[in-house]
Amino acid sequence: MKITSKFDPSKIEKKWYQYYLDNNLFDSYVDPKKKAYTILIPPPNVTGALHMGHMLNNTLQDILIRRARLLGYNACWVPGTDHASIATEAKVVKWLEEKGISKSNLTREQFIDYAWQWTKKYGGKILDQLQKIGCSCDWKRTKFTLDESLSASVIDVFIDLYNKGLIYKGYRMVHWDPQAQTTLSDEEVQYEEIKGKLYYLNYPIKGSPKYLTIATTRPETILGDTALCVHPQDRRYASFVGKTAIVPIANREIPIISDSYVDKEFGTGCLKVTPAHDPNDKELGEKHQLEFLDIFNQDGTLNALGLHYENQDRFVVRHKIIEELTKLGKLVKAENYTTNVGKSERTRAIIEPKVSEQWFLKMEELAQPALKAVLEEDIKLYPKKFLNTYKYWMENIRDWNISRQLWWGHRIPVYYYGKNKDSFVVAKSKTQALKKAQEISKNPSLRESDLTQDPDVLDTWFSSWLWPISVFDGIRKPQNPEINYYYPTTALVTGPDILFFWVARMIVSGFEFREEKPFHNVFLTGLVRDHLGRKMSKQLGNSPDPNNLIGTYGADGVRVGLMLSTSAGNDLLFNEKLCRQGKNFSNKIWNAFRLIKSWNGNAITQPTKAQLQALYWFENRFFQALGQINLAFERYRISDALMITYKLVWEDYCSWFLEIIKPKYGAPISSEVVDKVKELFEKLIRIMHPFMPFITEEINSQLIKKAPTLIHATWPESAEFDANCLDNFHLVKQIITGFRNLRKQHNIPFTSPLRVHQIAPVASKNEPLIYLDLFGDCIEKIGYLTMDTSKPEPQEGLTLSVDTFRFWIAHISNQNRTPSPKKNIGDSKEAIRNYLRGLIASSQSDEEKHFIKKTENEFFRLHSFLDSIESKLKNTRFLENAPVSIIKREKEKKVDTQKKIQQLIQDIKEF
RNA sequence: GGGUACUUAGCUCAGUUUGGUUCAGAGCACUUGGUUUACACCCAAGGGGUCAGGGGUUCGAAUCCCUUAGUACCCACCA
């Protein structure tokens, strides 16, 4: 591959992903010798297209799984998709409509057939997209919730729970989605504030000229009214209780009852009761044994009870009925009113509360172990703040409505054999059902054709709550080695929006069917929002296309961009700029690689002191950072781990370390140094690999090849580090930065940029502790800073070469004004001050005086800066803790630094 | 209506468990200077914050307590 300065990720991404697949590198097999690290993908909807939320989730999972692999675990990431009954069925219906086929003209079998066609054609695309961002799933294990084994598990579980008496059939006020024509669970309903009207209507009283006024937001439901209700202590209405009111339009007679449920303050204090269409009214209705009048068809139009409004939509009727009531003089007034209206999460249709017959799962008992496990932190939630919400929900859990009036999904294994609603059996198959039915009904002449299976399917979550068990076929085969090995899984990574839908229920099922938690850790990511804080949605069009992102920034770049902004558990305000940062980082790494690769080390050249020093320092810095990274991973603070890595690589490795190591152009470099530099780089590559699998893999293949691929590599081992050395280097940085700052302030022009070419502190007390050649090629122009601690006596400040000082002056003024005196005026502060005063005294103009004064200030500023760090530096010994081998070589190669400095000073003088 | 959090630099967020050696931090953005031979997708330097407002406890508060304001999420939904 041709090396270019700009890193082009597209080719290597394809190349490496294909290589991984061809060599089955993501596969995992039961291996008792290794510890398992298991992650199950939260199965995306089979209809789904990859969106930013998936990108975030799955990148996190991939980072965890790749790191686990490096740590030597048997890492297993199981992918798969969810059949998502409502969402998929809706899509299939739409697809068929486009083809001119109506669902109502199809038999169930035909429809299911089409649904499978659709699924096979368009479904599961999302898994291909996951491959593009580098997800290292064990693709051979890919599961679908409608797979045979998973479906069979669902049916087994239904039967089991039914036999335990936990599943029952009941009439409930359910959320009815008139568009999808199915019930929804509480969780599938979203409330929205809608501006509507509160209508005040008069109900005549039978046998009296008086009337009662009620307030309602839903006037169309008056046709289903079966009572009026007032508060028992409400004196205004006491005389009405027990009388009969007449429903306008319908002219039906209904009782006037009293119940303390009614709020005297709201509206008129008089409530119309519609038991079939309001959850609270339903309770009132049951309590007072009122009639239930269901006035709606399944599609939200009115039925025969709607009289002349039959077959008209509920919202159309609302307007018409108000017109009619106005004509009849029953409408008192209409106030503007804001009300919360429930909408279907899937179809956005306004929910109709409806009493209907449904299957339920009793939850209270089941929830107990699941509650306990989380409260006792047997299962850990990250971040912890979700614990309270979880607790509250589990303590107030309601029975789970598990039936859905759809075709796409797991059909409820209930078979009716008689006309009576209770004449049913629960069985795995029709054949078995027949046997049972024959036994129970004591009617051996029953035939299969006499059996009708319940038309409903199960809630999608009723299959996905078994996911951790059923992907390893642990429901049907509890002793399956697979499930015993991989279960409980290590971590679950998902969004907090499905904490109850899914996470809580998986915990419940885990304890119920395996008596063991399904996972150790739950990592809840934030929701992905745009940079304005809005949710990403198709309507807003603010969700970037992942494919484009990958194309523009590379998979590694996008991964880094996403991870940079995911502080644990907070929503993520996604900004494409972050991907650019990720891409820039890739490029930086690539160029560091190019630099290192270009070095041809030779055995003759000796390492410089600065190089040895830098090697020693960076190694320690690496281990410091590694410890921090490991800790961040343990706490699931992935973005922290990445940021530490990012700074380690960019700042420490590239900006400081490589700049010190780098020889002057064309100068030789010791092969020993090159080897060590590569070795350190290779360590960095390994810790970067989980974040940026592709670029690291490519570099590994070109540079070191220690392991055939990074899938085979190991995570670097932790080690103690020399904190003292890090402190010392920090000081060196401060000095250098200080000088750069001064240079910048004085706008001193340089023909070449400022670099640190030498940092050569040495061990012996008899040598200058540190000297900095700050200016590389421009050495003759600037000179040196020396800090000479060879003198036993404590010094006043640091020794600064006067020639250096002169040079400063020269440059601060301008090129023409190089000071003439070349005599040594002494290095002490006093001497310099005297010298300056002399200059001021003899200066010709005010301008020059001013200039010198200014220079003096600057000089002493520099001086006090150096003073401030001098005390710290005095006792610093950079090599004190260096490995013996380095010290040895250091001694062998010892240069008389002082001599060298004097030589250089001499050079400057001559200049 | 009930509950849980949150408010720190222009932006996104660490730091609050256990008050004091990270106490005012990071990344990005910004300003200035710079094409050198890894990288301008770059290098170097710099500016920026009464830690939401107010009060209290303390020798000492971003951190603990009270209070006000604002924001987010969860739960329940009143006709």
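Below, chains carry the letters A, B, ... as their sequence lines are ordered, and counting in each starts from 1. Predicted model, so just to flag it, every value in this text is computed and none were measured.
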Pairwise C1' distance for B:rG15 and B:rA62, with rounding to whole Å: 8 Å
d(CE, A:Met643; P, B:rU22) in whole Å: 21 Å
Touch class at under 4.0 angstrom, heavy-atom based, for A:Tyr392 against every strand present: sugar-phosphate
Atom-to-atom span, OH of A:Tyr237 to C1' of B:rA79 - whole angstrom: 13 Å
Between B:rG55 and B:rA72 - C1' atom distance, rounded Å: 26 Å
Opposite nucleotide pairing with B:rA29, Watson-Crick or G-U, both atom distances under 3.5 Å: none
4.5 Å side-chain heavy-atom contact, A:Tyr636 and A:Pro383: no
Whole-Å gap separating P (B:rA5) and CG (A:Leu499): 16 Å
Presence of salt bridge, A:Lys380 and A:Glu377, under 4.0 angstrom: no
Non-hydrogen side-chain atoms of A:Asp281 and A:Cys229 separated by less than 4.5 Å: no
Watson-Crick/G-U partner (both atom distances under 3.5 Å) of B:rC78: none
Closest to the A:Lys583 side chain, choosing from B:rC74, B:rC41, B:rA26: B:rC41
B:rU58 glycosidic torsion: syn (within 90° of 0) vs anti: anti
Short side-chain donor-acceptor distance under 3.5 Å, A:Glu283 and A:Tyr261: no
A:Ala592 side chain, from C-beta outward: closest of B:rA38, B:rA79, B:rG27: B:rA38
Partner nucleotide, any strand, of B:rC51 [Watson-Crick/G-U, under 3.5 Å]: none
Sugar-phosphate only, base, or nothing, as touched by A:Val273 at under 4.0 Å among non-hydrogen atoms: nothing
Pairwise C1' distance for B:rG53 and B:rC6, with rounding to whole Å: 16 Å
Most 5' of A:Leu573 and A:Tyr646 on RNA chain B, judged by nearest nucleotide: A:Leu573
A:Glu651 and A:Arg621 ion-paired at < 4.0 Å: no
Touch class at under 4.0 angstrom, heavy-atom based, for A:Gly554 against every strand present: nothing
Sugar-phosphate only, base, or nothing, as touched by A:Glu651 at under 4.0 Å among non-hydrogen atoms: sugar-phosphate
B:rG54 versus B:rA45 - spacing of their C1' atoms, nearest Å: 40 Å
Any N/O donor-acceptor pair, A:Lys577 side-chain to B:rC28 base, under 3.5 Å: no
Touch class at under 4.0 angstrom, heavy-atom based, for A:Asp281 against every strand present: nothing
Donor-acceptor pair between A:Lys583 and A:Thr552 side chains, under 3.5 angstrom: no
A:Asn584 side-chain proximity, nearest of B:rA79, B:rC42, B:rC77: B:rC42
Sugar-phosphate, base or nothing in reach of A:Trp650, heavy atoms under 4.0 Å: sugar-phosphate
Spacing of A:Glu395 atom CD relative to B:rU4 atom P, expressed in whole Å: 13 Å
Of the listed nucleotides B:rC73, B:rA38, B:rA79, the one nearest the side chain of A:Arg529: B:rC73
B:rU50, syn or anti by chi within 90 degrees of zero: syn
Nucleotide paired to B:rU71 in any strand shown, Watson-Crick or G-U, under 3.5 Å: B:rA5
Sugar-phosphate, base or nothing in reach of A:Asn575, heavy atoms under 4.0 Å: nothing
C1' gap between B:rC11 and B:rC75, integer Å: 33 Å
Nearest-angstrom distance, C1' atom, B:rC23 to B:rU50: 15 Å
Touch class at under 4.0 angstrom, heavy-atom based, for A:Leu271 against every strand present: base
Per A:Glu659 side chain, nearest of listed nucleotides B:rC41, B:rA38, B:rA79: B:rA38
Spacing of the C1' atoms in B:rU63 and B:rA52 (rounded, Å): 16 Å
B:rC78 OP1/OP2 closer than 4.0 Å to side-chain N/O of A:Asn280: yes
Span that lies between the P atom of B:rU18 and that of B:rC13, in whole angstrom: 26 Å
Residue closer to the 5' end of RNA chain B, A:Lys647 versus A:Cys654 (nearest nucleotide): A:Lys647
Sugar-phosphate, base or nothing in reach of A:Asn388, heavy atoms under 4.0 Å: sugar-phosphate
Carboxylate-amine/guanidinium contact A:Glu286 A:Lys282, below 4.0 Å: yes
is_close_aromatic(A:Trp393, A:Tyr390), centroid dist under 6.0 Å: no
Syn or anti conformation of B:rG60, syn meaning chi within 90° of 0: anti
